[in-house]
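Notes follow the structure.
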Amino acid sequence: MSVRTRATAWSVGLTVLLALVVVVSAGIGAVTIEPRTVAAILVDAIPVPVGVSTGGSTVLPLVGSVPTPSVEFVSPFDFAASRPARIIVLSVRLPRILLAALVGFALATAGTVMQGFFRNPMADPSIVGVSSGAAVGAVATIVLSLSVPFGLEGAAFVTAVVTAFVVYLIATEDGRTPVATLLLAGVAVQTFLGAVISFLLLQSGESLRQVVFWLMGHLSGATWDEVGMLALVLPLPFLLVLVHARDLNVLLLGEGDAHALGIEVERTKKLLLATASIITAAAVAVSGVIGFVGLVVPHMLRLLVGPDHRVLLPASALAGASFLVATDTIARSGAAEIPVGVVTAAVGAPFFLYLLRTREVHSP
Amino acid sequence: MSDSVQDTPETDDSGGSNLSESPESPESSESPERPDSSVIDPFSDANPAIKLDDVAVSLGGSRILDGISVEIGDGTFVGLIGPNGAGKTTLLRTLNGALSPERGRVTITDQDIHALSSKAASRLVATVPQTTNVAFDFPVREVVKMGRTPHRGRFDGWSAADEAAVEQAMDRTTVAAFADRPVTAVSGGERQRVLIARALAQETPVLLLDEPTASLDINHQVRTLELVSDLVADGTTAVAAIHDLNLAAHYCDVLILLSGGRILAAGDPETVLTEANLQAAFDAEAVVSRHPVTGSVYVTALPQSADDANGRVHVIGGGGTGARTLYVLSAAGYALSTGALNEGDTDAEAARRVGADLVTVPPYAPVDGAAKAAIDSRVEAADVTVVADVEVGEGNLPNLDAATTAEHLVLIEERPFSARNYAGDAGRAVYERLRERGHVIDSNELLSTVGELACESVGARADEAESGSDFDTDSTFEH
């Protein structure tokens with residue numbers, strides 16, 4: 001079976017899975033709504049562009065002013081669904097579910113790239129300090145009550161990207177960025193930023209609860225604005241990564257080999273690092289630090305589809321979306337809301353340990 | 001293939017005598033003169049496959065390669081030899097464009113490799129790395145297919161030409177049999193072939209191999225080099241860094257001996273692998289001879305035998321009777337001398353192999369006065385003299401005569417003397433004197449007997465040295 005066929009098959013299959021997970025998830029909550037009804041509401045809402053009002057607009061970082069769809073939909077099919085059910089699904093649950101899907105998509109993509117980039121199956125998206133950077137920006141904004149142009153998300157995004165760039169600069173010498181140096185620089189900078197965050201926490205006073213909630217990773221209070229923001233930021237870097245899938249495969253053989261096979265190693269590394277960092281930064285900026293998605297999902301998918309990034313990247317991204325929607329559903333469906341980061345970590349850490357043990361056993 | 005390496009034009013005007021030295025190199029006068037090693041016949045092809053012109057490369061601020069000038073013709077198998085740290089890998093990485101030279105130019109089929117994009121460069125040069133740790137378990141076929149990377153645009157599909165190149169490469173290297181297994185699950189020898197297949201799929205005129213035999217067993221070493229030889233016969237130009245000098249000598253058309261970042265010698269294996277060159281490059285004593293089976297130049301490295309701390313043994317043999325003794329004693333670490341032997345005698349060849357101090361006389365000539373004197377001095381210097389189960393005639397009777405003055409004497413007897421005496425009464429008389437003084441043993445007792453005697457003698461010498469007594473004291477006096 002050709003790579004293209006396999007990539008298509010996995011993508012279609014996982015897209016269907018994602019759709020199912022979304023439908024089921026939208027039915028779960030304080031008010032239970034049947035999947036059939038949810039599906040009806042969604043079908044009703046999605047394919048009707050005439051119903052989308054472009055009256056409101058949102059200012060987004062990097063893209064400027066963009067129209068935002070409002071929630072007034074025309075229902076040509078007029079499936080039998082109560083008005084409250086519609087409101088619950090479309091304005092309460094759907095933004096959160098879609099945000100979870102996009103964040104999961106982003107983190108799994110970035111994780112896949114970083115694992116390939118570092119030739120280490122244990123790497124994760126924030127290995128170059130992106131998450132810590134975002135956390136510093138967000139925590140500082142909350143604790144110091146800063147007023148920044150694009151709000152909390154803007155501050156987190158900027159500090160995340162700046163951190164990744166600083167780590168890259170520290171690790172680069174004579175135009176070369178050895179991966180091992182990058183890894184160590186990332187660890188050192190993360191430790192430093194950890195100290196900064198701890199210090200800020202001490203100063204936080206009243207806002208401590210808010211800060212801790214952000215740090216744990218959260219999707220509650222998701223808005224269509226955030227969904228739109230991510231939906232606009234993600235496609236370009238994702239496509240860039242996707243067209244470099246073959247280069248990423250060759251990079252797995254080692255940089256010397258990659259060069260001998262005609263890859264411009266340093267340029268490709270720079271591009272992959274930048275795109276993966278931007279993808280991670282965008283996700284972390286809206287959702288806080290949600291751990292383990294970017295580590296565990298690429299891993300599971302590599303076991304299923306193999307190491308070829310032309311298949312692995314889309315499969316991993318889509319599976320990441322499903323995974324986070326599912327875990328966030330667990331997070332919000334209990335008696336009290338738990339930050340989703342707690343759930344992913346609780347699911348992810350044991351799985352990570354399982355992988356660690358089995359790898360040890362199977363390594364020659 | 002002797003015509004495939006030559007001096008670059010810049011060095012020609014100095015008489016073409018030395019390939020290694022670049023004209024502007026300040027240290028060139030310090031290098032020993034090696035007039036014979038690098039004189040190569042002028043190379044007729046106007047477009048050599050590889051041309052290095054006064055190339056200097058530095059890594060982390062220190063100069064690794066300096067003044068490298070060489071031309072390599074199409075369809076040549078070049079062996080890059082030299083001690084660890086001589087710059088072999090650096091030279092390969094410069095040839096494939098991974099490292100840029102500080103000075104000089106590298107041209108591959110008339111194109112400056114460092115002016116090309118990485119992609120264009122890897123359509124000219126393919127590299128087989130020394131080791132590849134593939135952390136992810138790609139199937140073998142996928143790894144080979146990656147060899148097509150330089151030929152494919154970012155959005156190009158997989159073409160028929162790509163498929164053909166991959167099939168041919170896998171066929172050639174016989175990896176097709178395990179094409180679907182993960183590359184992490186194949187053996188070292190198989191992985192080596194996969195990497196060669198990947199390089200072949202690149203379809204380049206030049207193939208570089210970094211220690212292609214380093215981690216392989218002897219069967220796979222030979223198979224790998226046979227494969228490269230076949231490729232070279234089909235017109236590929238191959239440059240391989242090879243540690244094993246004998247494999248290099250056997251398979252390569254041309255050797256380049258690197259030492260301290262410079263070319264010490266280049267040319268035919270016969271001209272490069274000389275004892276003087278090996279001493280200069282490796283700081284190792286080695287004996288260069290012909291391999292009895294393959295006829296290739298054959299290098300045997302010797303243990304550092306200059307010091308005779310274990311003791312010095314003189315062996316009297318001939319006609320093959322002394323060879324085993326020489327090998328055994330050499331392996332046990334004794335400094336050896338032997339003679340006099342006719343040039344071409346089996347034992348003379350053995351003596352060269354183990355680096356023994358050898359006294360020879362021309363073929364079929366008897367031992368003359370000069371040779372006798374030479375043997376006398378060696379017997380005197382020796383702690384132990386061993387007389388092998390040798391056949392005695394008029395010609396070599398002086399050898400036995402010399403042994404009568406030995407400090408410690410060991411006679412190996414496997415046949416009765418009468419069965420190997422062709423020197424009549426004179427022979428019997430000399431041998432009787434030897435038997436009176438010496439220890440008569442069979443060959444199994446050789447090491448233990450020599451060991452005891454040498455130990456005693458060396459110990460006595462050390463005592464004398466300590467007490468500051470006369471060094472010339474005949475230590476038989478101690479008895």
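Every chain is numbered from 1, with letters handed out A, B, ... down the list of sequences.
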**OP:** Mind listing the closest non-hydrogen atom pair of Leu253(A) and Arg198(B) along with its distance?
**Re:** CD1-NH1, 3.1 Å
Subject >> Contacts of residues 268-277 of chain A with chain B (heavy atom under 4.5 Å) >> reply: none
Original post:
Can you name the side-chain hydrogen bond (donor to acceptor under 3.5 Å, both in side chains) partners of Thr280(A), sequence neighbours left out?
Top reply: none
**OP:** Pick one of side chain, backbone, both or neither for Arg152(B), based on which atoms fall under 4.5 Å of a heavy atom in chain A.
**Re:** both
**OP:** Measure across Ser122(B) and Gly262(A) and return the closest heavy-atom pair with its distance rounded to 0.1 Å.
**Re:** OG-CA, 2.7 Å
Original post:
With a 4.5 Å heavy-atom cut-off, do Met146(B) and Asp257(A) have their side chains touching?
Top reply: no
Original post:
Taking Gln202(B) for the side chain and Ala260(A) for the main chain, is one N or O donor matched with an acceptor at less than 3.5 Å?
Top reply: yes
Original post:
Counting distance only, does the side-chain N/O of Glu264(A) pair as donor-acceptor with the main-chain N or O of Ser117(B) below 3.5 Å?
Top reply: no
Original post:
Side-chain contact, heavy-atom cut-off 4.5 Å: Asp247(A) with Arg154(B)?
Top reply: yes
Original post:
Are any of the side-chain nitrogens in Asp137(B) or Arg302(A) under 4.0 Å away from the carboxylate oxygens of its partner?
Top reply: no
Subject >> Neighbour count above 12 (heavy atom, 6.0 Å) for Arg63(B) CZ >> reply: yes
Original post:
With a cut-off of 6.0 Å (strictly less than), are more than 12 heavy atoms of other residues, nucleotides or ligands near CD of Gln168(B)?
Top reply: no
Original post:
Does any non-hydrogen side-chain atom of Thr149(B) lie less than 4.5 Å from one of Arg246(A)?
Top reply: no
Original post:
What are the two closest heavy atoms between Asn249(A) and Phe138(B), and how far apart are they?
Top reply: OD1-CZ, 3.6 Å
Subject >> Heavy-atom proximity to chain A below 4.5 Å, by part of Val128(B) >> reply: neither
Subject >> Verdict with supporting geometry, Thr127(B) and His259(A), side chain to side chain contact (heavy atoms under 4.5 Å, CB included) >> reply: CA-CA 9 Å; Thr127(B) 308; His259(A) 175 87; over 6 Å; no
Subject >> Residue, of Glu173(A), His244(A), Arg267(A), Glu255(A), that accumulates the most heavy atom pairs under 4.5 Å with chain B >> reply: His244(A)
Subject >> Side chain / backbone / both / neither for Ala98(B) at chain A, heavy atoms under 4.5 Å >> reply: both
